[in-house]
Amino acid sequence: MTDEDEEIRFQLNETAKMIRDSRAESLLPQEEQGGKFTYPEGAVIFEEGQLGAALYVVLEGEVQIIKRLENGSSRILAVMGPHDFFGEMSLIDKKTRSATAYCRTEVKVLRIPSASLSKFIETNPKFVIKMLNMFVRRLRNANKIIESAMVRDPYHVIIDGLKEYARTEGIRSLHGTRLKTEEFVSWANYRLGVPEQTIQQVLQELIKAGKVKKGALATEIVLRPFR
(Lines give C-alpha, C1' and ligand atoms only; values in the text may rest on other atoms or scores of the structure.)
Protein backbone atom coordinates (compact mmCIF):
# COMPACT_ATOMS: atom_id res chain seq x y z
CA MET A 1 0.00 0.00 0.00
CA THR A 2 1.40 3.41 -0.99
CA ASP A 3 1.71 6.44 1.30
CA GLU A 4 -1.16 8.04 -0.62
CA ASP A 5 -3.35 4.98 -0.05
CA GLU A 6 -2.50 5.08 3.66
CA GLU A 7 -3.43 8.76 3.87
CA ILE A 8 -6.72 8.22 2.03
CA ARG A 9 -7.54 5.32 4.36
CA PHE A 10 -6.75 7.54 7.36
CA GLN A 11 -8.97 10.31 6.00
CA LEU A 12 -11.80 7.87 5.40
CA ASN A 13 -11.46 6.54 8.95
CA GLU A 14 -11.54 10.08 10.32
CA THR A 15 -14.59 10.88 8.19
CA ALA A 16 -16.38 7.77 9.48
CA LYS A 17 -15.60 8.85 13.07
CA MET A 18 -16.83 12.37 12.37
CA ILE A 19 -20.11 11.07 10.96
CA ARG A 20 -20.60 8.64 13.82
CA ASP A 21 -19.89 11.24 16.50
CA SER A 22 -21.96 14.04 15.00
CA ARG A 23 -25.24 12.35 14.03
CA ALA A 24 -28.12 10.67 15.85
CA GLU A 25 -28.21 7.89 13.24
CA SER A 26 -30.72 5.67 14.98
CA LEU A 27 -33.40 8.24 14.15
CA LEU A 28 -32.60 8.35 10.44
CA PRO A 29 -33.76 6.17 7.51
CA GLN A 30 -31.20 3.48 6.70
CA GLU A 31 -29.48 5.07 3.70
CA GLU A 32 -29.20 8.41 5.48
CA GLN A 33 -27.14 6.75 8.21
CA GLY A 34 -23.44 7.40 7.77
CA GLY A 35 -20.40 5.39 8.82
CA LYS A 36 -18.79 2.03 8.06
CA PHE A 37 -20.97 -0.89 7.00
CA THR A 38 -20.25 -4.50 6.02
CA TYR A 39 -22.30 -6.36 3.39
CA PRO A 40 -22.03 -10.11 2.67
CA GLU A 41 -21.22 -11.51 -0.76
CA GLY A 42 -24.33 -11.35 -2.96
CA ALA A 43 -25.97 -8.50 -1.05
CA VAL A 44 -27.53 -5.55 -2.86
CA ILE A 45 -26.46 -2.18 -1.46
CA PHE A 46 -29.06 -0.28 -3.47
CA GLU A 47 -31.26 -1.01 -6.47
CA GLU A 48 -31.85 0.79 -9.72
CA GLY A 49 -34.86 3.10 -9.44
CA GLN A 50 -34.51 3.77 -5.72
CA LEU A 51 -34.10 7.27 -4.33
CA GLY A 52 -30.49 7.93 -3.39
CA ALA A 53 -29.37 9.69 -0.24
CA ALA A 54 -25.72 8.65 0.13
CA LEU A 55 -22.37 8.28 -1.59
CA TYR A 56 -20.44 5.04 -0.97
CA VAL A 57 -16.67 4.50 -0.77
CA VAL A 58 -15.34 0.93 -1.00
CA LEU A 59 -12.96 0.13 1.86
CA GLU A 60 -12.57 -3.61 1.19
CA GLY A 61 -13.95 -6.03 -1.40
CA GLU A 62 -15.56 -5.50 -4.80
CA VAL A 63 -18.91 -4.04 -5.86
CA GLN A 64 -20.47 -4.60 -9.29
CA ILE A 65 -22.54 -1.81 -10.81
CA ILE A 66 -25.30 -3.48 -12.84
CA LYS A 67 -27.76 -1.95 -15.32
CA ARG A 68 -31.10 -3.51 -16.26
CA LEU A 69 -31.88 -3.65 -19.98
CA GLU A 70 -35.24 -3.36 -21.69
CA ASN A 71 -35.23 -7.04 -22.69
CA GLY A 72 -35.11 -8.09 -19.04
CA SER A 73 -31.42 -8.98 -18.95
CA SER A 74 -28.71 -7.00 -17.15
CA ARG A 75 -25.18 -5.82 -17.85
CA ILE A 76 -22.17 -5.17 -15.62
CA LEU A 77 -21.12 -1.55 -16.11
CA ALA A 78 -18.19 -1.47 -13.71
CA VAL A 79 -16.47 -3.25 -10.83
CA MET A 80 -15.48 -1.04 -7.90
CA GLY A 81 -12.56 -1.87 -5.61
CA PRO A 82 -10.93 -0.26 -2.55
CA HIS A 83 -11.06 3.57 -2.53
CA ASP A 84 -13.43 3.65 -5.52
CA PHE A 85 -16.73 5.42 -4.98
CA PHE A 86 -20.23 5.02 -6.38
CA GLY A 87 -23.74 6.35 -5.89
CA GLU A 88 -22.79 9.98 -6.44
CA MET A 89 -25.06 10.60 -9.43
CA SER A 90 -28.25 10.59 -7.36
CA LEU A 91 -26.75 13.16 -5.02
CA ILE A 92 -25.77 15.43 -7.90
CA ASP A 93 -28.91 15.35 -10.06
CA LYS A 94 -31.40 14.43 -7.28
CA LYS A 95 -32.82 11.60 -9.40
CA THR A 96 -33.29 7.89 -8.67
CA ARG A 97 -30.47 5.37 -8.82
CA SER A 98 -29.46 4.67 -12.43
CA ALA A 99 -28.05 1.19 -11.66
CA THR A 100 -27.87 -1.50 -8.97
CA ALA A 101 -24.87 -1.95 -6.64
CA TYR A 102 -24.23 -5.66 -6.02
CA CYS A 103 -21.56 -7.14 -3.72
CA ARG A 104 -19.24 -9.34 -5.75
CA THR A 105 -17.47 -10.31 -2.53
CA GLU A 106 -17.94 -9.45 1.12
CA VAL A 107 -17.70 -5.67 1.12
CA LYS A 108 -16.89 -2.98 3.65
CA VAL A 109 -17.98 0.51 2.67
CA LEU A 110 -18.05 4.00 4.09
CA ARG A 111 -21.53 5.41 3.59
CA ILE A 112 -21.53 9.22 3.35
CA PRO A 113 -25.03 10.76 3.57
CA SER A 114 -25.78 13.80 1.44
CA ALA A 115 -25.96 15.93 4.59
CA SER A 116 -22.32 15.03 5.42
CA LEU A 117 -20.92 15.28 1.88
CA SER A 118 -19.78 18.91 2.10
CA LYS A 119 -17.81 18.22 5.29
CA PHE A 120 -16.33 15.10 3.72
CA ILE A 121 -15.09 17.10 0.73
CA GLU A 122 -13.53 19.72 3.01
CA THR A 123 -11.61 17.14 5.07
CA ASN A 124 -10.52 14.80 2.22
CA PRO A 125 -8.66 16.90 -0.40
CA LYS A 126 -6.76 13.94 -1.92
CA PHE A 127 -9.93 11.93 -2.26
CA VAL A 128 -11.57 14.89 -4.01
CA ILE A 129 -8.77 14.72 -6.60
CA LYS A 130 -9.50 10.99 -6.97
CA MET A 131 -13.17 11.81 -7.49
CA LEU A 132 -12.31 14.32 -10.21
CA ASN A 133 -10.05 11.77 -11.91
CA MET A 134 -12.89 9.25 -11.80
CA PHE A 135 -15.29 11.77 -13.36
CA VAL A 136 -12.78 12.43 -16.14
CA ARG A 137 -12.37 8.68 -16.84
CA ARG A 138 -16.13 8.24 -16.98
CA LEU A 139 -16.42 11.19 -19.38
CA ARG A 140 -13.69 9.72 -21.57
CA ASN A 141 -15.51 6.39 -21.60
CA ALA A 142 -18.68 8.19 -22.70
CA ASN A 143 -16.70 9.83 -25.49
CA LYS A 144 -15.39 6.41 -26.55
CA ILE A 145 -18.95 5.17 -26.93
CA ILE A 146 -19.78 8.10 -29.20
CA GLU A 147 -16.60 7.66 -31.24
CA SER A 148 -17.04 3.90 -31.56
CA ALA A 149 -20.59 4.35 -32.81
CA MET A 150 -19.11 6.30 -35.74
CA VAL A 151 -16.38 3.76 -36.58
CA ARG A 152 -17.22 1.54 -39.55
CA ASP A 153 -14.58 -1.11 -38.78
CA PRO A 154 -15.06 -2.28 -35.17
CA TYR A 155 -12.18 -4.78 -35.40
CA HIS A 156 -9.51 -2.46 -34.00
CA VAL A 157 -11.98 -1.00 -31.50
CA ILE A 158 -12.48 -4.47 -30.02
CA ILE A 159 -8.73 -5.13 -29.98
CA ASP A 160 -8.10 -1.90 -28.06
CA GLY A 161 -10.96 -2.82 -25.74
CA LEU A 162 -9.47 -6.27 -25.09
CA LYS A 163 -6.14 -4.70 -24.13
CA GLU A 164 -7.79 -2.18 -21.81
CA TYR A 165 -10.06 -4.77 -20.19
CA ALA A 166 -7.16 -7.21 -19.75
CA ARG A 167 -5.15 -4.62 -17.82
CA THR A 168 -7.86 -4.20 -15.18
CA GLU A 169 -9.85 -7.45 -15.14
CA GLY A 170 -7.61 -10.06 -16.75
CA ILE A 171 -5.82 -12.89 -14.94
CA ARG A 172 -2.26 -13.44 -16.20
CA SER A 173 -1.08 -16.97 -16.97
CA LEU A 174 1.80 -18.62 -18.82
CA HIS A 175 -0.25 -18.70 -22.03
CA GLY A 176 -1.64 -15.16 -21.92
CA THR A 177 -4.29 -13.19 -20.06
CA ARG A 178 -7.52 -14.99 -19.15
CA LEU A 179 -10.78 -13.07 -19.54
CA LYS A 180 -14.37 -14.03 -18.79
CA THR A 181 -16.08 -13.89 -22.18
CA GLU A 182 -19.56 -12.83 -21.10
CA GLU A 183 -18.28 -10.10 -18.81
CA PHE A 184 -16.00 -8.71 -21.53
CA VAL A 185 -18.85 -8.70 -24.07
CA SER A 186 -21.06 -6.82 -21.60
CA TRP A 187 -18.26 -4.37 -20.80
CA ALA A 188 -17.41 -3.74 -24.46
CA ASN A 189 -21.07 -3.32 -25.40
CA TYR A 190 -21.49 -0.61 -22.76
CA ARG A 191 -18.06 1.04 -22.84
CA LEU A 192 -17.34 0.88 -26.58
CA GLY A 193 -20.86 1.09 -27.96
CA VAL A 194 -20.38 -1.98 -30.19
CA PRO A 195 -23.33 -4.40 -30.58
CA GLU A 196 -22.89 -7.72 -28.78
CA GLN A 197 -23.30 -9.74 -31.98
CA THR A 198 -20.47 -7.77 -33.60
CA ILE A 199 -18.24 -8.31 -30.54
CA GLN A 200 -18.83 -12.06 -30.72
CA GLN A 201 -18.04 -12.08 -34.45
CA VAL A 202 -14.79 -10.18 -33.93
CA LEU A 203 -13.78 -12.54 -31.11
CA GLN A 204 -14.31 -15.50 -33.45
CA GLU A 205 -12.11 -13.80 -36.07
CA LEU A 206 -9.40 -13.22 -33.46
CA ILE A 207 -9.61 -16.87 -32.38
CA LYS A 208 -9.17 -18.00 -36.01
CA ALA A 209 -6.21 -15.62 -36.35
CA GLY A 210 -4.61 -17.08 -33.21
CA LYS A 211 -4.57 -13.79 -31.30
CA VAL A 212 -7.19 -15.11 -28.89
CA LYS A 213 -7.79 -18.73 -27.96
CA LYS A 214 -10.50 -20.54 -26.09
CA GLY A 215 -9.79 -21.04 -22.42
CA ALA A 216 -9.75 -24.25 -20.42
CA LEU A 217 -13.18 -23.18 -19.20
CA ALA A 218 -15.95 -22.65 -21.75
CA THR A 219 -16.70 -19.28 -20.13
CA GLU A 220 -13.18 -17.90 -20.72
CA ILE A 221 -10.93 -16.74 -23.51
CA VAL A 222 -7.17 -16.22 -23.36
CA LEU A 223 -5.71 -13.05 -24.84
CA ARG A 224 -2.27 -13.48 -26.37
CA PRO A 225 0.20 -10.57 -26.69
CA PHE A 226 -0.47 -8.46 -29.78
CA ARG A 227 2.55 -7.61 -31.93
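- Hydrophobic clustering places F85 together with I112 (ILVMFWY residues linked when any side-chain heavy atoms are closer than 4.5 Å, directly or through intermediates).
- With D160 contributing its side chain and V157 its backbone, the two residues share no donor-acceptor pair below 3.5 Å.
- Taking the six-membered ring for Trp and thresholds of 30 and 60 degrees, Y165 and F184 have ring planes more than 60 degrees apart, a perpendicular arrangement.
- At least one side-chain heavy atom of K36 sits less than 4.5 Å from a side-chain heavy atom of L59.
- A distance of 14.5 Å separates OG1 in T168 from NZ in K163, rounded to the nearest 0.5 Å.
- Side-chain contact between I171 and T177 is absent, with no heavy atoms from C-beta onward closer than 4.5 Å.
- Judged by the 6.0 Å distance and 45° axis criteria, R111 is not positioned over the aromatic ring of Y56.
- The OG1 atom of T96 sits 12.0 Å away from atom CD of E47, with the distance rounded to the nearest 0.5 Å.
- Within the 3.5 Å criterion, the main-chain N or O of E182 finds a donor-acceptor partner in the side chain of S186.
- Just one residue in the list V109, I45, L110 forms a side-chain contact (heavy atoms from CB on, under 4.5 Å) with F37, and that residue is V109.
- Two residues are said to be in side-chain contact when any heavy atoms from C-beta on lie closer than 4.5 Å; L206 and Y155 meet this criterion.
- Taken to the nearest 0.5 Å, the CD1 atom of I159 stands 9.5 Å off from the CD atom of E205.
- When side chains are defined from C-beta on, S173 counts as touching R178, because their heavy atoms get closer than 4.5 Å.
- Between E62 and Y102 the shortest side-chain heavy-atom distance does not fall below 4.5 Å.
- In this structure, R104 and V79 have side chains that are in contact, with non-hydrogen atoms separated by less than 4.5 Å.
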* To do: Show the numbers, then the answer: is there a side chain to side chain contact (heavy atoms under 4.5 Å, CB included) between V212 and V222?
  => CA-CA 6 Å; V212 173; V222 179; over 6 Å; no
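- Among all heavy-atom pairs drawn from G52 and S90, the shortest one is CA-CB, 3.9 Å.
- A distance of 10.0 Å separates CD in Q200 from CD1 in I158, rounded to the nearest 0.5 Å.
- Taking 4.5 Å as the limit, every side-chain heavy atom of T105 sits out of range of all side-chain heavy atoms of Y39.
- Between K67 and E48 a salt bridge is recorded (basic side-chain N to carboxylate O distance below 4.0 Å).
- The minimum heavy-atom distance between A99 and I65, with the atom names listed, is CB-CG2, 3.6 Å.
- The two residues P82 and G61 come nearest to each other via the heavy atoms CD-O, 3.6 Å.
- You'll find the side chain of E106 reaches within 4.5 Å of the side chain of T38, heavy atoms only.
- Between K95 and E88 there is no salt bridge, since none of the side-chain N atoms of the basic residue sits less than 4.0 Å from a carboxylate O of the acidic one.
- Rounding to the nearest 0.5 angstrom, the gap separating the OG1 atom in T181 from the CD1 atom in I199 is 11.5 Å.
- A salt bridge is absent between K180 and E220: the closest approach of a Lys/Arg side-chain nitrogen to an acidic carboxylate oxygen does not fall below 4.0 angstrom.
- Contact between P40 and C103 at its shortest, heavy atoms only, is O-CB, 3.5 Å.
- In the hydrophobic clustering of ILVMFWY residues, with side-chain heavy atoms under 4.5 Å counting as a link, I207 and L179 come out together.
- Here the closest heavy-atom approach between residue E196 and residue V185 is recorded as CG-CG1, 3.8 Å.
- Contact between V63 and A101 at its shortest, heavy atoms only, is CG1-CB, 4.0 Å.
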